[in-house]
Amino acid sequence: MRDYSHESVEKKWQDIWEEKQAFKAHQDYSKPKYYPLVEFPYPSGQGLHVGHPRPYTALDIVARKRRMEGYNVLFAIGWDAFGLPTENYAIKNKIHPAIVTEQNIARFKAQCKSIGFSFDWSREINTTDPNYYKWTQWIFIQLFKHGLAYKKEMDINWCTSCKVGLANEEVVNGVCERCGSPVVKRAKSQWMLKITEYAERLIDDLDDLDYIERVKIQQKNWIGKSVGMEIDFKTTTGEVLRVYTTRPDTIYGATYMVVSPEHPMIDERKDVITNMDAIEAYREQARLKSDFERTELNKDKTGVPIEGVWAINPVTEARIPIWISDYVLMSYGTGAIMAVPGHDTRDWEFAKVFDLPIIEVVAGGDVEKEAFTDIADGVLINSPLIDGLKVADAKAVISKYLEEKGLGTPKVNFKLRDWVFSRQRYWGEPIPLVSCPECGWVALPEESLPLKLPEVSSYEPTDNGESPLAAMTDWIETTCPKCGGPAHRETDTMPQWAGSSWYFLRYCDPHNDETFASKEALEYWMPVDWYNGGMEHTTLHLLYSRFWHKFLFDIGAVNTKEPYQKRTSHGMILGENGEKMSKSRGNVVNPDDIVSAYGADTLRVYEMFIGDFEKSVPWSDSSVKGCRRFLERVWSLVDDVNAEEAVSPEFERDIHKAIKKVTEDYETLKFNTAIATLMALLNQYKKAEKITHGDIRYMLLLLNPVAPHITEEIWEMLGFEGMVCEQSWPAYDPEKAKDDVIEMAVQINGKVRATITIEVDSDLDAAREKAMAEEKVQQFTAGKKIVKEIYVPGKIYNIVVKG
RNA sequence: GCGGGCGUGGCGGAAUUGGCAGACGCGCUAGACUUAGGAUCUAGUGUCUAACGACGUGGGAGUUCGAGUCUCUUCGCCCGCACCA
């Protein structure tokens, strides 16, 4: 037998697969389909990270198994290539981002190929390709035409020194990542997408999806539906302050109000407010704070009372003060709250700091010590209309009362905010709209798409907060598609999320230039059957793409209301020291090094064997060696074969058990135990005197999805026909996979004292007879009274004794 | 602060979901082969104990014939975040 040389074996089979187009998804729509999906990577300058192959190998295993099970499988990859790091690299090195992108993609592609993923490379896509972003722009235009895109003044992070807008990521602890200068908020008119219009459906439709529970929970909490009321508070100066609350039952305990520093009533009533100086100073402070500071450092409540105006509690008619504080956000509810310090923790803290009155209106706690927020058992007090009622009933009664009196209306609110869709950047999809003095914002005609990114001399954001495109007068100045008059283009670009919100649709039909994907292709392939990705994408990417898909469904462009039927998530791979891999920590492992030293199959086996797929796990070089050792032992089986027969009788049961276990484990993310099963089976083989072709055949079939190269090579060496990847997935006989004789533990008072070998379906009498024959059992039961016997066939025999 | 998750040998992790805790792998120990071993093979390897045996899944309590698994409580760690009224 020759040595196992991974370089030549892996290259050989990669070439054969490519030549034979072994993994191409077929246009034959009569076969059953399967569509597994992995998150396409951002092609960074660092190249592939060892974190990438974990999810990719996992779904590659599923894809390969499905092909062997007779499915037409669509498994594709592409590049999510717009984005900040490339752009910043381009600025720094004065290279066009398109060139940087091209280089990075070439590297990523070569790396993916070297690991042997069974992608259908003919479907590769790239979000920065005009033939791709043409359709991203087309979708945006549909959103715009259906009223789901609108302009709004929104704050951007503004670096006071660089004089550019910054992404959240570029703001570190309130200062600019690059120059360390303070970052402030600055209002800018931006395009927004009304994802909130889909909030209810984005929650409800989760019920029918096969997402892992923590993804569902996290999405639901992020969307944050709450059922409450908007209630109007009159003020002493005649206007109305509207608040949102989920606890209208506590209204008798509303002893003051708080509005956010940005609340419009402040400017509107400048004339009657007597302490505008103090208010302005507080607002300025709030403005200087980044979101991070406002939330993180603001553990102690701060605020300023508005003097000159009071609110009237609509049920008690009491005159109560109005404060401003940054713990109330303009972006949620109405930007104003009725503060009930007795029964809301934040209000309670605020009241304690500023010595505001606390009235107990729900009995059961001690409001002098802390806010009482238990809504299950509380009973209302000090609330004439609802005294003695439980919280839930009190809510219903007071809501009805307030509604009838015209003081309030029931209202559902969501935490979810609309999606800020504008970026003041160059390396993104141009927004295909023009602003016409006569017609307002007008979409470009669809047949004129793509609107390509123009060549600019500098990619640096401009010092007035505009995108680099804003400096290109000849590009900006255009004519209105509607009236033909002079107009100018939108100069902001789309966020990186845009291209990734629909890429799985393009995989279905990637070369179509009539439409983003043909109806037939979509009807056949969609929905994605299994989408695996990182938890960090749960609330943004996953939600955004569900939103876009639902919209496309509503306009009849796609045939399913959800894009992904199943969603799972993998854990991160950490450095050997247990910390997150990063350049600065110096603990980064490059997959190329593993592939060249041990081979792609070793890398694949290792990443699947390393631990629970769903959990984070530290890298370990010595464990990699163990996986290489396993493959070498598999390789050495070639020499051990000493019979032509099918399966050795002594292995029949083991093989059927292994097929069952591995088949199930590949479906349930338990790749580690699947591989452990194969290792154990191999150990059996190595110990055996006789080992046949048939025995090894099963090992190769089961191991092939994880280690595709070496298994093909051994298959060929042993003279089997065709390729492993063309074979049928082995079936197991449930009867043969079952043990009929087992080792059963015999316990005395819950402690194991002996084991007996017994037929699975034996009854208590048979078990007792065998157990009592054991010396240990006799010893521990001698002279004692048997009070109880628990016998669970196939599991346990426990004797409870006394005395 | 809010939301989500995790604590099992020296290490990564198993445990049919309430039934022999530690599968499989790493590491380690001893031996074999060898000029050599950081290659390979064989055996051993949770802790305490000379042994019988006892103890053991972050800590404490509880339910149960039986708890890593269920309940309560407490401590610690990780991830995400937009103080969401």
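Treat the numbers as computed from the prediction; the structure is a model and nothing was measured. Below, chain A is the first sequence line, B the second, and so on; all start at residue 1.
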Point to revise | side-chain N/O A/K795 vs B/C20 OP1/OP2, d < 4.0 Å | key: no
Check your understanding: Considering only B/G53, B/C84, B/A14, which nucleotide approaches the side chain of A/D612 most closely?
Key -> B/A14
Review point. Mind checking the P distance from B/U69 to B/G62? Whole angstroms is fine.
Key: 15 Å
Exercise for review: Mind calculating the distance between CE (A/M744) and P (B/C65) to the nearest angstrom?
Suggested key: 19 Å
Practice item. Assign A/E743 to base, sugar-phosphate, or nothing according to its heavy-atom contacts below 4.0 angstrom with the strands shown. Key: base
Practice item. Grab the CZ-P distance between A/R633 and B/C24 for me, whole Å please. Key: 12 Å
Practice item. Could you check which nucleotide pairs with B/U16 in any of the strands shown, counting Watson-Crick or G-U wobble with both distances under 3.5 Å? Key: none
**Study point:** Considering all heavy atoms, the nearest A/L241-A/M257 contact
**Key:** CD1-CE, 3.8 Å
Practice item. With P as the reference atom in both, quote the distance from B/U34 to B/U29 in angstrom, rounded to an integer. Key: 23 Å
Study note, to complete from the structure: 5'-most contact on RNA chain B (nearest-nucleotide basis), A/A336 vs A/K670, goes to A/K670
Review point. Given the C1' atoms of B/A39 and B/C33, what is the spacing between them in whole Å?
Key: 11 Å
Check your understanding: Is any side-chain heavy atom of A/Y327 less than 4.5 Å from a side-chain heavy atom of A/E349?
Key -> no
Check your understanding: Watson-Crick or G-U wobble partner for B/U64, using a 3.5 Å limit on both distances?
Key -> none
Review point. Would one find a side-chain N or O of A/R214 under 4.0 angstrom from OP1 or OP2 of B/C6?
Key: no
Review point. When all nucleic acid strands are considered with a 4.0 Å heavy-atom cut-off, which category describes A/S622: base, sugar-phosphate, or nothing?
Key: sugar-phosphate
Check your understanding: Base, sugar-phosphate, or nothing for A/I217, non-hydrogen atoms under 4.0 angstrom?
Key -> sugar-phosphate
Review point. With side chains defined as the heavy atoms from C-beta onward, is the minimum distance between A/R54 and A/M608 less than 4.5 Å?
Key: yes
Exercise for review: Rounded to whole angstrom, note down the P distance from B/G10 over to B/U57.
Suggested key: 13 Å
Review point. Which whole-number value in Å describes the distance from A/N749 CG to B/A54 P?
Key: 11 Å
Point to revise | B/U17 to B/C70 separation - P atoms, rounded to the nearest Å | key: 14 Å
Practice item. Name the nucleic acid region contacted by A/R753, choosing base, sugar-phosphate or nothing; use a 4.0 angstrom heavy-atom cut-off, strictly under. Key: sugar-phosphate
Review point. Under a 4.5 Å cut-off applied to non-hydrogen side-chain atoms, are A/N313 and A/Y252 in contact?
Key: no
**Study point:** Value in whole Å for how far the P atom of B/C2 lies from CG of A/L329
**Key:** 16 Å
Exercise for review: Could you work out the separation of B/A36 and B/A21 based on their C1' atoms and round it to a whole Å?
Suggested key: 42 Å
Check your understanding: Heavy atoms under 4.0 Å, any strand shown: does A/I610 hit a base, just sugar-phosphate, or nothing?
Key -> sugar-phosphate
**Study point:** Complement of B/C11, any strand, by Watson-Crick or G-U distances under 3.5 angstrom
**Key:** B/G25
Exercise for review: Assign A/Q747 to base, sugar-phosphate, or nothing according to its heavy-atom contacts below 4.0 angstrom with the strands shown.
Suggested key: base
Review point. Of A/N798 and A/G626, whose closest RNA chain B nucleotide lies nearer the 5' terminus?
Key: A/G626
Study note, to complete from the structure: Checking N1-N3 plus N6-O4 or O6-N4 for Watson-Crick, or N1-O2 and O6-N3 for wobble, each under 3.5 Å, the partner of B/G76 is B/C6
Exercise for review: Indicate syn or anti for B/G9, taking the glycosidic torsion and treating anything within 90° of 0 as syn.
Suggested key: syn
Exercise for review: Select base, sugar-phosphate, or nothing to describe what A/K625 touches, counting heavy atoms under 4.0 Å on all strands.
Suggested key: nothing
**Study point:** Identified pairing partner of B/A32, criterion: Watson-Crick or G-U wobble below 3.5 Å
**Key:** B/U40
**Study point:** C1' atoms of B/G46 and B/A14, separation to the nearest Å
**Key:** 15 Å
Practice item. Starting from P on B/C41, measure out to CG on A/D640 and report it in whole angstrom. Key: 11 Å
Review point. Paired with B/C81 by Watson-Crick or G-U wobble geometry, both distances under 3.5 Å: which nucleotide is it?
Key: B/G1
Exercise for review: Return yes if a side-chain donor-acceptor contact under 3.5 Å exists between A/K686 and A/S636, otherwise no.
Suggested key: yes
Check your understanding: Hey, does the side chain of A/N221 come within less than 4.0 Å of B/C81's phosphate (OP1/OP2), counting only N and O?
Key -> no
Revision key, fill the gap. Regarding B/U17, purine or pyrimidine glycosidic angle vs 90° from 0 gives syn
Point to revise | Atom C1', compared across B/C52 and B/C6: separation rounded to whole Å | key: 40 Å
Review point. A/R242 side chain N/O closer than 4.0 Å to the phosphate oxygens (OP1, OP2) of B/A85?
Key: no
Review point. Rounded to the nearest 0.5 Å, what separation is found between the CE atom of A/M265 and the OG atom of A/S260?
Key: 11.0 Å
**Study point:** For atom CG of A/D344 and atom P of B/C2, their distance in whole Å
**Key:** 11 Å
Exercise for review: Could you tell me whether A/E39 and A/R567 have a side-chain N and a carboxylate O separated by less than 4.0 Å?
Suggested key: yes
Exercise for review: Give the rounded distance in Å between these two atoms: CG of A/D347 and C1' of B/G1.
Suggested key: 14 Å
Exercise for review: Report the nucleotide, chosen from B/C24, B/C55, B/G19, that has the shortest atom-to-atom distance to any side-chain atom of A/K751.
Suggested key: B/C55
Practice item. Return the value, rounded to whole Å, for the distance between atom OH of A/Y606 and atom P of B/C26. Key: 12 Å
Review point. So A/H541 and A/W497, would you call those rings parallel, tilted or perpendicular, with 30° and 60° as cut-offs?
Key: parallel
